[in-house]
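Heads up: the structure comes next, in structure tokens.
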Amino acid sequence: MGGTISKLTTAVLILVVSNVMAWIQLNTQFTERFKGHWFWSSPGWMAIFGIPIGYMFFHSTRLSYEHFGFTWNIRMIGFGIGTLVFGFCSYLFLREIPTLKTIICLLLALSIILIQVTNVIGD
């Protein structure tokens, strides 16, 4: 069972890193430091940076499928992680303070992750 949990943990860690990279790829163009800088707002940058991000999402999905035998579990976990990472990065880099509606959505995203992890532990 140790090897199986390790695959899931690795998949989740890869999801966190790839979501941070995807946020940087798509949203750095709006930060004050890089706003208007040709490199951070060019389609070429997005295309080049998209290759390792896509590979990491692919690898995370593969590890998760090896763990669960299904794609739905990592989809739900990935959705929750992506939502939380987006919220954290938007606050950290753009200083966007979440509204009450956004906080509720972040709590729902966290709930989705916890339901899936509880499902893992319960199985």
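Not measured: the values here are computed from a predicted model. Numbering starts at 1 and runs along the sequence shown.
Considering Ile74, Leu15, Ile112, Leu110 as possible partners of Ile81, the one that fulfils the side-chain contact (heavy atoms from CB on, under 4.5 Å) test is Leu15. Put simply, the residue from Val16, Thr10, Val12, Val17 that forms a side-chain contact (heavy atoms from CB on, under 4.5 Å) with Ile14 is Thr10.
Side-chain heavy atoms closer than 4.5 Å link hydrophobic residues (I, L, V, M, F, W, Y) into clusters, and following such links, even through other members, never connects Ile48 to Trp45. In the hydrophobic clustering of this structure, Phe79 does not group with Leu8; members are Ile, Leu, Val, Met, Phe, Trp, Tyr whose side-chain heavy atoms approach within less than 4.5 Å, directly or through other members. Residues Leu94 and Leu106 are members of one and the same hydrophobic cluster, defined by side-chain heavy-atom contacts under 4.5 angstrom among Ile, Leu, Val, Met, Phe, Trp and Tyr. In terms of hydrophobic clustering, with Ile, Leu, Val, Met, Phe, Trp and Tyr side chains grouped at heavy-atom distances under 4.5 Å, Ile103 and Leu92 are assigned to different clusters. Hydrophobic cluster membership is shared by Met46 and Val85, with clusters built from Ile, Leu, Val, Met, Phe, Trp and Tyr side chains linked at under 4.5 angstrom.
Atoms CE and OG, on Met76 and Ser64 in that order, are 11.5 Å from each other to the nearest 0.5 Å. Here the straight-line distance linking atom CG of Asn27 with atom CD of Glu96 works out to 8.0 Å at 0.5 Å rounding. Atoms CZ and CE, on Phe57 and Met21 in that order, are 9.5 Å from each other to the nearest 0.5 Å. Taken to the nearest 0.5 Å, the CZ atom of Phe70 stands 12.5 Å off from the CH2 atom of Trp72. Within the model, atoms SG of Cys89 and CG of Leu26 stand 11.5 Å from one another, a figure rounded to the nearest 0.5 Å. With rounding to the nearest 0.5 angstrom, the CD1 atom of Ile77 is 10.0 Å from the CG atom of Leu114.
Under the 3.5 Å distance criterion, with hydrogens and angles disregarded, a donor-acceptor pair is assigned to the side chains of Thr102 and Thr99.
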**Message:** As a quick check of understanding, evaluate ring-ring contact (aromatic ring centres under 6.0 Å, His included) for Trp23 and Phe88, giving each step before the final call.
**Reply:** CA-CA 10 Å; Trp23 191 96; Phe88 179 76; 10.0 Å; no

**Asked** Under the side chain to side chain contact (heavy atoms under 4.5 Å, CB included) criterion, do Asn19 and Phe86 qualify, and how do the steps go?
**Response** CA-CA 8 Å; Asn19 273 286; Phe86 184 89; over 6 Å; no

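Annotation: side chain of Ile97 is in contact with side chain of Tyr91 (closest heavy-atom distance under 4.5 Å). The closest side-chain heavy-atom distance from Gln116 to Ile113 is not below 4.5 Å. Ile53 is not listed as a side-chain neighbour of Phe58, based on a closest heavy-atom distance of 4.5 Å or more.
Here the shortest heavy-atom pairing between Tyr65 and Thr71 reads CD1-CG2, 3.8 Å. Here the shortest heavy-atom pairing between Ala11 and Ser60 reads O-OG, 2.8 Å.
Between the side chain of Ser90 and the main chain of Gly87, no donor-acceptor pair closer than 3.5 Å is present.
Around the CZ atom of Arg62, the shell of radius 6.0 Å holds more than 12 heavy atoms that belong to other residues, nucleotides or ligands.
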